[in-house]
Amino acid sequence: MLGLKEQTARDGDKIQWSGCPVLAVITCWEKDHVKRRGISPAEPGWHRGVAGGILGASAPMAFVTQHQIQKFREDGFLVLEHFFTAEECDSMRNQIQRIIAEMEVPLHCRTEFSTKEEEQLQVQGSSDYFLTSGDKIRFFFEKGALDERGNFLIPKEKSVSKIGHALHAYDPVFKQITHSSKVQELGRKLGLERPVVVQSMYIFKQPGIGGEVTPHQDATFLHTEPLGRILGFWIALEDVTRENGCLWFIPGSHTNGISRRMVRAASGTSTRVVEFVGLEPAYDDSQFKPLPISKGGLILIHGEVVHKSELNSSESSRHAFTFHVMEAKDTSWSKENWLQPTPELPFPSLYT
């Protein structure tokens, strides 16, 4: 574990890329209706945070049992089956198809990227397109979806890896889901006082080519002081199985802090705009537990829990909508984080 000096100033807010290690192709969508529309140890108190302060609420919780709450404290993740209806899932899938149908793919925005560390730094780490995606809706394509001239090798709707990072702010369907009454009620039951939404993504996990997501912690990319202030909401929009790329977690790994951070490089020190501090340790595959989940299910993800997903080698897609919230009360968002909020889109409150 590395020791970096603590952030003492209130740094504002941050937006994160998923940290999902997948080879992909970036392309942009700049339509007006979209454009407008140091490593620290785990903070024991927020294992009073999501585990204690957030999940330590005394009132009965509408969507979880006491047993589930205790399991979340122990494991760092929680499965809530059938949290969303089939109709809500279908509305998101239908909306994303409309977005793809209107998608524009300017040649100057197309570039391959990888979230494997060296490739990630080499390509997307110097990409203003990627770094400025926090207040826009932008497209990220699977490696192999385009030829060397940028033409689609497969139907475009089958080539998209993910869409992010401001669906929650600019698209009415995803905004409604993110701020739905059930999500707000769950947040209040979890003890969140000032939660803000920092980013959102639609993940396709395309059949046959949906890329592997290597082990990571969301707090590597979404760093706060103190730690333990990030909570991910991961919504299965169709049945998720081991075959089509379910999430895998190391139970209890949220209690050991983080070992790596992505930070902005100091000005003038490199052609790269971001760099990693620290190293991702090697994990024992036998420690990971698969989490298949039914359509409409919700997985709550602690910001420090180690998780991954495998390549989708099946004939079925694995669509998901995911967003992260930060408990903003008594929390600093690091200015070193690679993606920052903008005047056009300060992080909106989860509560409306």
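Just so you know, these numbers use all the heavy atoms, side chains as well, and skip hydrogens, waters and symmetry mates. We count residues from 1, following the sequence as given.
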> To the nearest 0.5 Å, what is the distance between NZ (K329) and CZ (R194)?
8.5 Å
> So, are E88 and K182 salt-bridged, with charged N and O less than 4.0 Å apart?
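Here E88 pairs with K182 in a salt bridge, since their nearest N and O are under 4.0 Å apart.
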> What closest approach, in Å, do G211 and L311 show between heavy atoms, and which atom pair accounts for it?
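Answer, listing the atom of G211 first, then L311: CA-CD1, 4.0 Å.
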> What are the two closest heavy atoms between Y351 and L192, and how far apart are they?
OH-O, 2.7 Å
> Have T178 and H168 got a donor and an acceptor in their side chains that come within less than 3.5 Å?
no
> Is the number of heavy atoms from other residues, nucleotides or ligands under 6.0 Å of Q97 CD greater than 12?
yes
> For C89, is there any backbone N or O sitting under 3.5 Å from a side-chain donor or acceptor partner on S91?
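A pair under 3.5 Å: no.
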> When you measure from the side chain of E81 to the backbone of S294, do you find a donor-acceptor pair of N or O atoms at a distance under 3.5 Å?
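Indeed, once roles are kept as given, a pair shorter than 3.5 Å links the two residues.
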> Is a donor on one side and an acceptor on the other found under 3.5 Å between the side chain of T241 and the backbone of N244?
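Flag set: sc T241 to bb N244 pair under 3.5 Å.
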> Please find the pair of heavy atoms, one from P341 and one from L345, that lie closest to each other, and give the distance.
CB-O, 4.0 Å
> Quick one: pull up OG1 in T352 and CD in Q176 and give me the separation to the nearest 0.5 Å.
9.5 Å
> Is the backbone of G252 close enough, under 3.5 Å, to the side chain of H302 for a donor and an acceptor to pair up by distance?
no
> Considering residues at least two apart in sequence or located in another chain, which fulfil the ring-ring contact (aromatic ring centres under 6.0 Å, His included) criterion with H319?
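With sequence neighbours excluded, H319 shows a ring-ring contact (aromatic ring centres under 6.0 Å, His included) to Y202, F204, given in chain and number order.
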> Do Q95 and D171 meet the criterion of a side-chain donor-acceptor pair at a distance under 3.5 Å?
yes
> Will you find, in the side chains of K205 and S309, an N or O donor that is under 3.5 Å from an N or O acceptor?
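Short answer, yes.
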> Run the side chain to side chain contact (heavy atoms under 4.5 Å, CB included) check on F152 and I154 step by step: do they pass?
CA-CA 5 Å; F152 285 106; I154 56 178; 5.8 Å; no
> I want to know whether H165 and F140 have ring centres closer than 6.0 Å.
yes
> When you measure from the side chain of Q184 to the backbone of H179, do you find a donor-acceptor pair of N or O atoms at a distance under 3.5 Å?
yes
> Where the side chain of H307 meets the backbone of V305, is there a donor-acceptor pair that is under 3.5 Å apart?
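Pair found, side chain donor or acceptor close to backbone of V305.
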> Do other residues, nucleotides or ligands put more than 12 heavy atoms under 6.0 Å from the NZ atom of K175?
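Count not over threshold, so no.
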> Does a salt bridge link R261 with E336, judged by any charged N lying under 4.0 Å from a carboxylate O?
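Here R261 pairs with E336 in a salt bridge, since their nearest N and O are under 4.0 Å apart.
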> Look up atom OG in S259 and atom CD in E304, then write down how far apart they are to the nearest 0.5 Å.
11.0 Å
> Once the angle between the rings of F276 and F221 is folded into 0 to 90°, is it parallel (under 30°), tilted (30 to 60°) or perpendicular (over 60°)?
perpendicular
> Compute whether any side-chain donor of one residue and acceptor of the other, for T342 and D135, lie under 3.5 angstrom apart.
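Per modelled atom types, T342 and D135 side chains form a pair under 3.5 Å.
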> Is it true that a side-chain atom of Q206 and a backbone atom of E157 form a donor plus acceptor pair closer than 3.5 Å?
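Yes; judged by distance alone, with no hydrogens or angles, the pair exists.
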> Can you give me the closest heavy-atom contact between F139 and I137, atom names plus distance?
CE1-O, 4.4 Å
> Please confirm whether the ring centroid of F174 lies under 6.0 Å from the ring centroid of F321.
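Ring centroids of F174 and F321 are less than 6.0 Å from each other.
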> Looking only at heavy atoms, what is the nearest atom pair of I235 and M92, with distance?
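Residues I235 and M92, closest heavy atoms: CG2-CE, 4.4 Å.
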> Any pair with a residue in residues 288-301 that passes salt bridge (charged side-chain N to carboxylate O under 4.0 Å, His left out), sequence neighbours left out, goes on the list, sorted by first then second residue, please.
D90-K295
> State, to 0.1 Å, how close G210 and E142 come at their nearest heavy-atom pair, and which atoms those are.
CA-OE2, 3.6 Å
> Considering only NZ, NE, NH1 and NH2 on the basic side and carboxylate oxygens on the acidic side, decide whether R93 and E238 come within less than 4.0 Å.
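Between E238 and R93 there is a salt bridge, with a charged N closer than 4.0 Å to a carboxylate O.
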> Under a 3.5 Å distance rule, please check whether N312 uses its side chain to pair with a backbone N or O of S316 as donor and acceptor.
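Checked: pair present.
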